[in-house]
Peer 1: 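The structure under discussion is supplied below as structure tokens; questions concerning it will follow.
When a ligand or atom number is given, it counts from 1 through the structure's own listing order. Predicted, not measured: the structure shown is a model, and the values here were computed from it.
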Amino acid sequence: MKYIFVAGGVMSGVGKGVATASIGRILKSKGFKVTAIKIDPYINVDAGTMNPVEHGEVFVTEDGVECDQDVGNYERFLDENIYTENYLTTGRVYQAVINRERNLGYNGKCVEVVPDIPNEVISVINSAGKRSKADFVLIEIGGTVGEYQNMLFLEAARMLKISRPKDVLFILVSFLPVPAKLGEMKTKPTQYAVRTLNSAGIQPDMILARSVLPIDEPRKKKISIFCNVSYEDIISAPDIDSIYEIPINFEKENIGNRILKKFGMKSKTSDLRDWQLLVNKINNGHKEIQIGIIGKYFETGHFVLADSYISVIEAVKHAAFSQNMKPVISWISSEDFEKNSKSLNELKKFAGIIIPGGFGNRGIEGKIKVIEYCRKNNIPFFGLCLGLQLSVIEFSRNVCGLKDATSAEFKQNSKNIIIDVMPEQKVLLKEKKYGGTMRLGAYDCKLKPKTISAMAYGQDLISERHRHRYEVNNNYKELLEKNGMVIAGTNPEKDLIEIIELPKHPFFVATQFHPEFKSRPLKPHPLFKEFIKACVKKDNK
Ligand code: GLN
């Protein structure tokens, strides 16, 4: 097994995750088995307790870990499922070590930060690699070099290199600014980053030069001399329109074979034909399709973030690319519709509307108004998790006549709690056990024949990923069905409602699960595909 550590220099947000995922894709295209691990240096045991505005989307794996959005990038680029072991945080590592100490797992030894913490990190990395029988394990260390928080993870990398000198490689993804007033790419911050890495006992083998522009020859030479890295191992990584083009661009710089060479392995050709076809489609699809996402996790100070809904956005793109369309996605805050209901008319310009997952009261009534508008005006509508719950509430209020219909998440004392807390969740909430306790990960769903969903999937039993505490209250099932709502999918073990549809509508589908987590660029999700097809139809009318 070979290990490739990826760390970031100069600043965060330089695209380490996508760079790691792209290298993985390249090695996979050379016939190797690859897996990727994300290390987040914070104390939180997982990403589940963090506000998405703070940390971006919470991605959910098959086995129900709430993790960093980069894990989503790994799954999408590698087209492999990523499991529990592939996600580490400082909190997780310490929790494991402390639990072992409490169980006398250290045989009376004094347990110390070094080496016991880095050793735990190494052992998790090894078990992740073994589980996926990987030839290459890519390990992305979150944060930026020089931060106090990720020191112990760099220490683990250094220690692994001592025990297996021929099997460990370090890649630094560093940012090279081009200050507007100077108009010249500067290398000094990267030189400092490498020095900082050196002081942690690590010499990078390769530098990915992230910048707005490709790095030129004089600057490559400069970095090579000052940072002690061969000229050929400085890889140009300029900004690009589509992240899916990155593996192709990296391969132009021959990164795959450079990596193999460093490990003393023979060169191999990459087969990126399917990926190249995807990139051609992305670049050639000129017909635009307008999709609106109504959410609330967008704003941070003066900036607008798309990160909170990254898997939804990628899933829309995959489906649109497959239909040779260019998706134009707008983010709209649901609260806008609460202040000014006239703005609902603006929804007309969209070919389709998505209401993604969410938590808490804020913005709820605005979303319900949007759903009502889409239902009445035949605008293709796709609801995800909270999107399903609110669709059922809207339908109960405005079609079934239950004016006080609501969810126990928003109001506990209403007569008509259409969305109720799941029984096993009640105890957890009472005991304030919030972290990692939702209904998480993959569960089966049985589809009703001849529904939009059954036709889209082309099978009758599916499995999708979940993250929720509340569920449609089955006491209202009959009433909903009597009024025309179709229960298109149900969980067979617990008889939970998983998909609803409205038949006399161009596309009105909502799921209790999160289909976006399973969409892959080369395998768009069937429901997203169906949704986009309906959007295209609406546009062509
Ligand atoms: N807040 C809702 C629940 O907990 C929906 C969650 C979600 O959208 N992921 O059930």
Peer 1: Closer than 3.5 angstrom, by distance alone: can the side chain of Ser414 be matched with the main-chain N or O of Lys411 as a donor-acceptor pair?
Peer 2: no
Peer 1: Around atom 1 (N) of ligand 1, find the nearest protein heavy atom and jot down its residue, atom name and distance.
Peer 2: Glu409 OE1, 2.7 Å
Peer 1: Write out the residue and atom name of the closest protein heavy atom to atom 9 (N) of ligand 1, then the distance separating them to 0.1 Å.
Peer 2: Arg467 O, 2.8 Å
Peer 1: Answer yes when Arg25 and Asp274 have at least one side-chain N-carboxylate O distance shorter than 4.0 Å, and no when they do not.
Peer 2: yes
Peer 1: Looking only at protein heavy atoms, which one is nearest to atom 7 (C) of ligand 1, and what is the separation?
Peer 2: Cys385 SG, 3.0 Å
Peer 1: Counting heavy atoms only, which part of His514 comes closer than 4.0 Å to ligand 1: side chain, backbone, both or neither?
Peer 2: side chain
Peer 1: State whether Glu314 and Lys518 are salt-bridged, where the test is any N-O pair (Lys NZ or Arg NE/NH1/NH2 against Asp/Glu carboxylate O) under 4.0 Å.
Peer 2: no
Peer 1: With only distance considered, is Gly360 within less than 3.5 Å of ligand 1 through an N or O on each side?
Peer 2: no
Peer 1: For Arg76 and Ser311, which I'm curious about, is there any donor-acceptor pair between the side chains at under 3.5 Å?
Peer 2: yes
Peer 1: So which protein heavy atom does atom 5 (C) of ligand 1 come closest to, and at what separation?
Peer 2: Gly358 O, 3.4 Å
Peer 1: Using the six-membered ring wherever Trp is involved, compare the ring planes of Phe382 and Phe528 and label them parallel, tilted or perpendicular (cut-offs 30° and 60°).
Peer 2: perpendicular
Peer 1: In terms of relative ring orientation, are Phe513 and His466 parallel, tilted or perpendicular, with 30° and 60° separating the classes?
Peer 2: perpendicular
Peer 1: How far is atom 4 (O) of ligand 1 from its nearest protein heavy atom, and which residue and atom name does that atom have?
Peer 2: Arg469 N, 3.1 Å
Peer 1: Please confirm whether Gln389 approaches ligand 1 to less than 4.0 Å, judged on its heavy atoms.
Peer 2: yes
